[in-house]
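Below: the structure, in structure tokens.
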Amino acid sequence: MAIRKIITEPNKLLREISLPVENVGKKEQQLMDDMLDTMYDAPGIGLAAVQIGVPLRVIVMDISWRNEEGIKEPLYFVNPEITVKTKNLSTYEEGCLSVPDQYAEIDRPEECEINFLDYNGKKSTLNAKGLLATCIQHEMDHLEGILFIDHLSNMKRNMIVKKLIKTRKQSKKERIVA
Ligand code: GNR
Ligand code: NI
């Protein structure tokens, strides 16, 4: 188990289309363990493998661990596919570990159903609504090289990317001084 570095925008790696996993074995489970460690440490409620530089169709998620009880309920999705999504949309204020400290309201289908392989490579399905549905769709966008800011107007997205570049430059400077 290890905490890996999360790649932030702008970075071409985040635009890669992730490839399907052929077999869920030890190596893939180790990747999922590392992803979960990295996600809890960040902290976040979801993480796609491409965010740590591994363009494979693997997602980990835990939308409940930051509640009062703090009980961990990790979810693992390998090769997820959306089979059903509702016409009606819901709006959430989204953030992304690859777009640090930036938030925006995004509309997405309110409910969806997905097929996937679980941690043990077993076929499974899930009906999701609310934050879970939003998070799954956010993570599945990552597998296609899409970030939540791509759902915004060009002007809003450009503003956010400019800010990210500026703060990245700033923190580089500070590292040299220190
Ligand atoms: O931690 C995260 N929070 C979040 C909030 C609203 C909608 C989506 C997310 S996912 C994000 C972690 C992340 O960047 N996953 O890719
Ligand atoms: Ni994200």
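Reckoned from all heavy atoms, side chains included, excluding hydrogens, waters and symmetry mates. This structure is a prediction, so every number in the text was calculated from the model and none was measured. Counting convention: from 1, in listed order, for ligands and their atoms alike.
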To the nearest 0.5 angstrom, please state how far the CD atom of Glu81 sits from the CE atom of Met140. 7.0 Å
Would you compute the distance between atom CG of Asn11 and atom CD1 of Ile6 and round it to the nearest 0.5 angstrom?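 Interatomic distance, Asn11 CG to Ile6 CD1, rounded to 0.5 Å: 13.0 Å.
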Sole residue of Ile136, Leu117, Leu143, Val58 in side-chain contact (heavy atoms from CB on, under 4.5 Å) with Phe77: Ile136
Whether over 12 other heavy atoms sit under 6.0 Å from Glu93 CD: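 Buried by this count: over 12 neighbours within 6.0 Å.
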With no hydrogens and no angle check, just 3.5 Å: does a side-chain donor-acceptor pair link [X] and [Y]?
X: Asp33; Y: Tyr76; result: no
X: Asn115; Y: Thr125; result: no
X: Ser98; Y: Gln51; result: yes

Could you pull out the atom name of the N/O/S atom in His142 that is nearest the Ni ion (ligand 2)? NE2
Applying a heavy-atom distance cut-off of 4.0 Å, which protein residues contact ligand 1? Gly44, Ile45, Gly46, Gln51, Glu93, Glu94, Gly95, Cys96, Leu97, His138, Glu139, His142
Could you grab the angle centred on the Ni ion (ligand 2), going from NE2 in His138 to SG in Cys96, to 10°?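 Taking the Ni ion (ligand 2) as the apex, I get 110° for this pair.
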